[in-house]
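Each remark here refers to the structure printed beneath this line.
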Amino acid sequence: MYNPFSLENKTILVTGASSGIGRAIAIESSKMGASVIITGRNEERLKETHAQMEGNKPDYIVADLSNSDDVQNLSENITSLNGLVNCAGLTKVLPFPFAERKDFEEVMEVNFFAPTELSRLLVKSKKLQKGASIVFISSVSGVYCSAVAGSIYSSSKGAINGLAKAMALDLAPKGIRVNCVNPGMIDTHIFSEGKITQEQLKEDMKRYPLKRYGKPEEVAYAVIYLLSDAAEWITGSNLLIDGGYTLL
Amino acid sequence: MELQEFITNFANQFEETDSSVFTKDTVFKNLDEWSSLLALSIIAMVDEQYGVALKGDDIRSANTIEDLFGIVKSKK
Ligand SMILES: NC(=O)c1ccc[n+]([C@@H]2O[C@H](COP(=O)([O-])OP(=O)(O)OC[C@H]3O[C@@H](n4cnc5c(N)ncnc54)[C@H](OP(=O)(O)O)[C@@H]3O)[C@@H](O)[C@H]2O)c1
């Protein structure tokens with residue numbers, strides 16, 4: 001069947017695959033024919049993702065990306081890749097006067113330094129093949145807009161966006177493409193800490209022209225596009241997925 | 001942990017509302033200045049000053065400053 005978006009014969013590593021958006025990316029990519037290596041911290045939830053994947057399923061790899069040894073081991077565990085999806089991430093909701101360096105460090109470690117170093121190690125060791133695609137799960141925050149008490153999170157996503165553009169230039173000679181997807185609010189566990197109430201989230205939802213939050217699969221479809229050969233001429237770009245949120 | 005000191009810390013998060021407005025019986029969500037940012041500032045202040053991690057629902061369920069003081073105390 002004609003399908004320019006197919007991921008057949010591609011091996012793809014997805015971080016943050018134990019939950020939310022990363023889980024959807026892993027499952028949907030496997031359904032598109034990719035062989036998907038998943039990683040996360042929580043083994044139980046990684047197994048759940050693994051069980052929902054289809055086709056050829058390599059073993060999952062448990063790794064804590066806030067630990068640089070784990071990042072190194074993860075890269076050493078990989079032999080060859082056609083795609084890397086840097087999805088693991090967290091948020092820390094703090095009004096700016098309360099946002100201390102340690103809070104920035106905690107978030108930057110996982111949202112910025114870990115994906116940077118993992119990508120670098122995989123490029124340097126030539127495990128990312130010619131024609132490979134690297135996708136960062138950035139956000140609308142820090143790139144197109146922000147949110148109250150969002151200085152830490154926005155900084156981490158803004159940094160990723162800058163990184164992706166420079167990486168796209170430096171990796172172009174290797175035929176490796178680098179892009180970001182920038183989702184608005186997606187229905188996941190990212191606010192499970194509970195500082196934001198369900199009521200506030202319901203209210204926030206009304207600010208979306210399409211009147212709902214996104215689904216993890218809707219981010220996965222965009223990522224699949226960027227991983228596929230259909231996006232072979234796309235590098236250094238941002239793909240906005242926000243239900244029209246940033247139009248207003 | 002002192003109620004009076006809690007009220008002062010609470011009032012300190014506000015910019016427009018005069019500090020004399022704040023008593024233990026103030027229904028804080030009715031203040032003109034109340035906002036989602038202020039709710040998050042109160043949560044952050046309580047974490048910093050009292051080492052207690054409040055949830056948004058704790059703020060929701062409290063009416064007066066004294067109610068919230070009670071919640072913080074119970075979680076300490
Ligand atoms: N939800 C949204 O509205 C939204 C919007 C825009 C962008 N994003 C981005 O999308 C990405 C995924 O978020 P989500 O909404 O799917 O959140 P989620 O459901 O909370 O999932 C977060 C994922 O990141 C992993 N992770 C966190 N810290 C880690 C660490 N130290 N080491 C390894 N893995 C770690 C988690 O693994 P464990 O569970 O195994 O610890 C989990 O798989 C994040 O980068 C987030 O910033 C989310």
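These numbers come from the heavy atoms of this one structure, side chains and all, not from hydrogens, waters or symmetry mates. Order of the sequence lines fixes the chain letters, A, B, ..., with proteins taken first and strands second; residue numbering starts at 1 for each chain. From a predicted model like this one, the values you see are computed outputs, not experimental measurements.
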message: Taking side chain as everything from C-beta outward and backbone as N, CA, C, O, which of these in B:Ile43 sits under 4.5 Å from a heavy atom of chain A? Side chain, backbone, both or neither.
response: side chain

field: Residue B:Asp25 excluded, over 12 heavy atoms near CG under 6.0 Å
entry: yes

Can you pull out all donor-acceptor pairs below 3.5 Å that join chain B and chain A?
| from | atom 1 | to | atom 2 | distance (Å) |
| --- | --- | --- | --- | --- |
| B:Lys55 | NZ | A:Glu193 | O | 2.9 |
| B:Gly56 | N | A:Gly194 | O | 2.7 |
| B:Arg60 | NH1 | A:Glu199 | OE1 | 3.2 |
| B:Arg60 | NH1 | A:Glu199 | OE2 | 3.1 |

